[in-house]
Amino acid sequence: MEPVAPIVKFSSLKKRYGAGPWILEDINLAVAADDFVSLIGPSGCGKSTVLKLISGLSPGTEGGLEVLGTTPKQARDRQAFIFQDATLLPWLTAQRNAELPLRLRRAAAAERAAKARAMLDLVGLAGARDYYPRQLSGGMKMRVSIARALTLSPQLLLLDEPFGALDEMTRNRLNEELLALRERSRFTALFVTHSVSEAVFLSNRVVVMAANPGREHGEVRVDFPYPRPAALRGSPEFLAKVNEVTQLLHQVEATS
Ligand SMILES: Nc1ncnc2c1ncn2[C@@H]1O[C@H](COP(=O)(O)OP(=O)(O)OP(=O)(O)O)[C@@H](O)[C@H]1O
Ligand SMILES: [Mg+2]
């Protein structure tokens, strides 16, 4: 059988801005189609930079990076980026915000309206389509942002601390919803977070990064089957994984 091409493949990648210090050194992360990978590590270790490199927003300095079998830039149409703030346009309704990527691709009006409506339904916002961002809670705004990203049916979803600003209950609910969406849409996910329990709940692989320069320090595999029930969070096996990741983070913090 042919080996399955990885969705993301870093080869000894190094990154610096101009003549500045090395931000990333020797990254060799490989992400497979079925993976939900979380990146966790101290502030400034380069997690957002890793996502920016993949999305083609920023070039590597040395080494290689393949995304979806090609260069990051050429893979742009098949990936979507979700930021910490929902980045909605305040003068557009939820529906219009969700339609925006399809509009930029010049999709027909009927098609983009139907697709955006379907995605807003999926994230539980059928009743809020005509609301403006100021009428939406933080969790609802993030749902619009996710719906907007999914209208393009991305193969790869990059999420940079998307739920960092939300209260814990809302965050937990959105974690469950994100996994449910993934059951339907089957995207590969790369997720940046500062929350160990969020990383463990969502991912099959948690990659712990160290800082100065940013590098992979270790990885914890999380083999709980999907879909994962909310009650998983209370199980001893779950807490054992949380401890494993926390210990790697302590090692990293002691050395950086
Ligand atoms: N455009 C830029 N020009 C110069 N340096 C940059 C630029 N963007 C990021 N950096 C530097 O790169 C390093 C990594 O930044 P990055 O934002 O990737 O970290 P992070 O792990 O996402 O941090 P946080 O957890 O705080 O979001 C930092 O030292 C930062 O100052
Ligand atoms: Mg960041």
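Counting convention: from 1, in listed order, for ligands and their atoms alike. We count residues from 1, following the sequence as given.
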Worksheet entry | With Ile23, the side chain to side chain contact (heavy atoms under 4.5 Å, CB included) member among Thr61, Thr49, Val50 | Thr49

Discussion item. Tell me whether atom 30 (C) of ligand 1 lies less than 4.0 Å from at least one protein heavy-atom position.
Written reply: no

Practice prompt. Check each heavy atom of Ile23 against ligand 1 and say whether those closer than 4.0 Å belong to the side chain, the backbone, both or neither.
Written response: side chain

Worksheet item: Should you measure from each heavy atom of His194, which atoms of ligand 1 turn up under 4.0 Å away?
Response: 25 (O)

Worksheet item: Taking atom types as modelled, is there a side-chain donor on Asp35 or Asn204 under 3.5 Å from an acceptor on the other?
Response: yes

Practice prompt. Among all protein heavy atoms, pick out the one at the shortest distance from atom 16 (P) of ligand 1; state its residue, atom name and that distance to 0.1 Å.
Written response: Thr49 OG1, 3.6 Å

Worksheet item: Closest heavy-atom contact between Arg143 and Leu174?
Response: CG-CD2, 3.6 Å

Fill in: Protein residue, atom and distance nearest to atom 17 (O) of ligand 1, heavy-atom basis
Ser48 CB, 3.7 Å

Worksheet item: Within less than 2.8 Å of the Mg ion (ligand 2), any N, O or S from Ser43?
Response: no

Discussion item. What I want to find out is whether Arg112 reaches Glu99 closely enough, with some N-O distance under 4.0 Å, to be called a salt bridge.
Written reply: yes

Discussion item. Please determine whether side chain to side chain donor-acceptor pair (under 3.5 Å) holds for the pair Gln95 and Asp130, giving the CA-CA distance in whole Å, both sets of side-chain angles, and the decisive distance to 0.1 Å.
Written reply: CA-CA 6 Å; Gln95 169 76 22; Asp130 296 329; over 6 Å; no

Practice prompt. Note the single closest protein heavy atom to atom 26 (O) of ligand 1, along with its residue, its atom name and the distance in Å.
Written response: Ser43 OG, 2.6 Å

Practice prompt. May I ask you to check whether over 12 heavy atoms, not counting those of Glu168, lie within 6.0 Å of atom CD?
Written response: no

Worksheet item: Cation-pi between Arg205 and Phe36: NZ/CZ under 6.0 Å from ring centre and within 45° of the ring axis?
Response: no

Worksheet, complete the sentence: So for Glu161 against ligand 1, with non-hydrogen atoms under 4.0 Å, the contacting part is side chain

Worksheet entry | Heavy-atom nearest neighbour in the protein, as seen from atom 14 (C) of ligand 1, with distance rounded to 0.1 Å | Gly44 O, 3.3 Å

Item to complete: Check each atom of ligand 1 against the heavy atoms of Gly46 and keep those under 4.0 Å away; list them by number with element.
Response: 14 (C), 16 (P), 18 (O), 19 (O), 20 (P), 21 (O)

Discussion item. As a quick check of understanding, evaluate side chain to side chain contact (heavy atoms under 4.5 Å, CB included) for Phe163 and Ser195, giving each step before the final call.
Written reply: CA-CA 10 Å; Phe163 309 137; Ser195 161; over 6 Å; no

Discussion item. I need the nearest protein heavy-atom contact for atom 9 (C) of ligand 1: residue, atom name and distance, please.
Written reply: Tyr17 CE1, 3.6 Å

Worksheet item: Is the closest protein non-hydrogen atom to atom 24 (P) of ligand 1 under 4.0 Å?
Response: yes

